[in-house]
Amino acid sequence: MQKRPNIIIFNPDQMRADAVSHLGSPAAKTPFLDSFARTEAVSFRNAFCQHPVCVPSRCSFTTGLYPHTTGHRTMAYLLREWETSLFEELKNAGYYVWMNARNDLVAGQIPGLVERHASEIYYGGGSSSDAPGPEVGRGQPGGKEYYSFFGGRLGLDENGRNYSPDDEDLDAAISRIREKPADQPLCLFLGTVNPHPPYQVEEPYYSAIDRNRLPPRIRPEDCAGKPDIENAIRVHQGLEPYTEEDWSELRACYLGMCMKVDDMFRKLCDALKEAGEYDNSAIFFFSDHGDFTGDYGLSEKAQNAFEDCLTKVPFLVKPPKGFDLDAGISDSLVELVDFYATAMDFAQTEPTHTQYGRSLRGILADRTAEVRTFVTCEGGRNPNEIHCDEFHANGPKGTQPFHPYWPRHYAQTDPDAHAKGFMIRTKKWKLVSRVNGRDELYNLAADPQELHNLFGTSGTESVTARLKSDLLLWLMETADAVPYDYDSRFSNEMIWAKVKRLVPPEYESEIKAQIAKGTNMFLLIQQCKQRFGEAGNPVKESGS
């Protein structure tokens, strides 16, 4: 067996794919990720998350299961005692698992459960920067910034920096790399808050983005047939006073946050090189989901909208040295569940349950290889599932209007707007099918910005039927998960009741010990009949 490599995971929150320079916006500045993709890794141009908000996405990519498979499709249902994760599985397989406390994965109310998934958790809380906050405040209710999430430029402290919890967590991760246990491979998970809103970042990142190079924003007035949830959030966010200049500042600030993420990832990789661990590391960089960032007239995200800005994410993979690598950009369709399968593959560790990811090692060796013909994403709720509505997650009275998330949470009280839906996407077509509310169909070759909903229009019947058929079959195939261990249909007492008539009294302790070790009941009955006969009398060996 080969030496097991380190599994290094860098997971920014809410980073859309085109925020990486080589994948999209000409205004983006991610020099390290661009270089990393050219020479060290494969960058997947068509990588998709399985849910457009944090918790369901993380419960999916750390287990290889889809949100619907085990019901993890809300922000308030996390992994419970009976479930495992990549981290726990690698820990049990001998890895030293380090993670920061950017959780959004394991149920926090269950004592000891979070700790079960890691060897060490860095909880932070030690950052003490005295730098001033953002230049732009929320202002009063009704003002244009009250629900925009825009903060703008962050101040610097007397040392010329703004030391955030992300910076503190990065320093802790680097310390663990430098002091890695000598006798164990390392699984390190660093989840950052950036570029999650509020949109705010310090210099030099804030001013580094050229506002004149931003691509045109996708405007809601140019769209037709978009989902009800987007209009509902727009109404409550009240961003109509936002000018294109305002949106450009918000978008540039977001790209500045992504530029900082790029810099943080460079520092983590530099630490691996300095510690002599880089070559023996499988390195994964990906986000949990994307962000509207002004597209469709919205900031932040939505729980059951499926535009590419929300569902397409950066996903880069560097294999350990010695594995075949065809570095560069791959156009293959992949999903974040494939991270789970690939990491377990590199770690030479078998999953403990059914999983639906596909190892990407073949594409890493040949970027033209394909593992999927379509990808999926899902979100929303059934009309009667009030408990699945985030509006009700913060207490019996729900989110209050002073909360920055109130527009989205309030929009989700409408069962049509918050309708449960599934996206199926090929390279050319995207279908969104909902249990109620509006369905969507887009020809991505002709309409990559998803402006014109073609669902129900003449000439689209056959492609709609084919995509719905593929979606139905996929739902059937992935409807449940079966553990790889086995339950006995019989308790020890049941087995003893079946065999005791065959066992002479002097052998009772011996046979009960065999039962306690898990001997198969039918095999045990056969053995007892051979040894003791049908009446429980020991069978004499021939010649005795």
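Quick note: residue numbers are just sequence positions, from 1.
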If we count only N and O atoms by modelled type, under 3.5 Å, do the side chains of [X] and [Y] hold a donor and an acceptor together?
X      : Y      : answer
Asp338 : Thr342 : no
Tyr66  : Glu335 : yes
Gln237 : Ser299 : yes
Glu249 : Tyr206 : yes
Asp291 : Thr293 : yes
Glu461 : Thr464 : no
Thr243 : Asp246 : yes
Thr192 : Asn194 : no

Taking all atoms of both residues into account, what is the closest heavy-atom pair of [X] and [Y], and its distance?
X      : Y      : value
Glu40  : Lys318 : O-CG, 3.0 Å
Ala305 : Phe292 : CB-CZ, 4.2 Å
Arg234 : Gly297 : CG-O, 3.5 Å
Glu145 : Val136 : CG-CG1, 4.0 Å

Strictly below 4.0 Å, N to O, side chains only: are [X] and [Y] in salt-bridge contact?
X      : Y      : answer
Arg73  : Glu378 : no
Glu230 : Arg438 : no
Asp262 : Arg266 : no

Aromatic contact between [X] and [Y], with the criterion being ring centroids under 6.0 Å apart: yes or no?
X      : Y      : result
Tyr405 : Tyr147 : no
Phe339 : Phe284 : yes
Phe150 : Tyr254 : no
Phe265 : Phe32  : yes

Do [X] and [Y] have side chains that approach each other closer than 4.5 Å (heavy atoms only, starting at C-beta)?
X      : Y      : result
Cys49  : Cys377 : yes
Tyr296 : Glu450 : yes
Leu65  : Ser60  : no
Asp295 : Arg16  : yes
Ser207 : Arg153 : yes
Arg381 : Pro415 : yes
Lys420 : Asn304 : no
Ile218 : Leu451 : yes

Would Asp345 and Ser359 satisfy side-chain hydrogen bond (donor to acceptor under 3.5 Å, both in side chains), going step by step from the backbone distance to the final call? CA-CA 7 Å; Asp345 189 356; Ser359 177; 2.6 Å; yes

Can you check salt bridge (Lys or Arg N to Asp or Glu O under 4.0 Å) on Arg425 and Asp308, steps first, answer last? CA-CA 10 Å; Arg425 186 198 193 278; Asp308 278 5; 2.8 Å; yes

Go through the steps to decide whether His22 and Ser43 satisfy the test side-chain hydrogen bond (donor to acceptor under 3.5 Å, both in side chains), and finish with yes or no. CA-CA 9 Å; His22 68 266; Ser43 177; 2.8 Å; yes

Working note: His289 + Thr311, criterion side-chain hydrogen bond (donor to acceptor under 3.5 Å, both in side chains); need CA distance, chi angles, decisive distance, verdict. CA-CA 6 Å; His289 55 81; Thr311 58; over 6 Å; no

Apply the salt bridge (charged side-chain N to carboxylate O under 4.0 Å, His left out) test between Glu307 and each candidate in Lys226, Lys430, Lys312; give the one that qualifies. Lys226

Using 30° and 60° as the class boundaries, would you call the ring planes of [X] and [Y] parallel, tilted or perpendicular?
X      : Y      : answer
Trp406 : Tyr410 : parallel
Tyr77  : His72  : parallel
Phe285 : Phe10  : parallel

What pairs of residues pass the ring pair (Phe, Tyr, Trp, His ring centres under 6.0 Å) test when at least one of them lies in residues 442-466, not counting sequence neighbours?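 For residues 442-466, and leaving out neighbouring residues, there are no ring pair (Phe, Tyr, Trp, His ring centres under 6.0 Å) pairs at all.
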
Looking at Tyr163, I'd like to know if the NZ or CZ of Arg161 sits under 6.0 Å from its six-membered ring centre while staying within 45 degrees of the ring's axis.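 Yes, Arg161 and Tyr163 form such a contact.
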
Find out whether the Lys NZ or Arg CZ of Arg217 is both under 6.0 angstrom from the six-membered ring centre of Tyr242 and within 45° of the ring's axis. no

Other residues, nucleotides, ligands: >12 heavy atoms within 6.0 Å of Arg213 CZ: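 At most 12 heavy atoms, drawn from other residues, nucleotides or ligands, come within 6.0 Å of this atom.
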
Kindly check if the number of other-residue, nucleotide or ligand heavy atoms within 6.0 Å of CD (Gln140) is above 12? no

Going through the distances and angles, do Asp288 and Arg102 end up as a salt bridge (Lys or Arg N to Asp or Glu O under 4.0 Å)? CA-CA 12 Å; Asp288 52 356; Arg102 184 80 178 102; 5.8 Å; no

Would Asp439 and Arg434 count as a salt bridge (Lys or Arg N to Asp or Glu O under 4.0 Å) if you check the C-alpha gap in whole Å, the side-chain angles of each, and the deciding distance to 0.1 Å? CA-CA 6 Å; Asp439 288 353; Arg434 292 185 168 89; 5.5 Å; no

Evaluate salt bridge (Lys or Arg N to Asp or Glu O under 4.0 Å) for Asp270 paired with Lys267, printing each intermediate quantity in order. CA-CA 5 Å; Asp270 286 348; Lys267 292 175 182 177; over 6 Å; no

Does the Ser330 side chain pair with the main chain of Ser332, one donor and one acceptor, at a distance under 3.5 Å? yes

Stepwise side chain to side chain contact (heavy atoms under 4.5 Å, CB included) check, Phe61 with Phe286: CA-CA 10 Å; Phe61 71 65; Phe286 61 92; 3.7 Å; yes

Give, for atom CD of Gln303 and atom NZ of Lys301, the distance between the pair rounded to the nearest 0.5 Å.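 Interatomic distance, Gln303 CD to Lys301 NZ, rounded to 0.5 Å: 10.0 Å.
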
CG on Leu333 to OG1 on Thr376, rounded to 0.5 Å: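 Here the interatomic distance stands at 11.0 Å.
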
Would Ser164 and Asp166 count as a side-chain hydrogen bond (donor to acceptor under 3.5 Å, both in side chains) here? Give the steps. CA-CA 5 Å; Ser164 69; Asp166 274 0; 5.0 Å; no

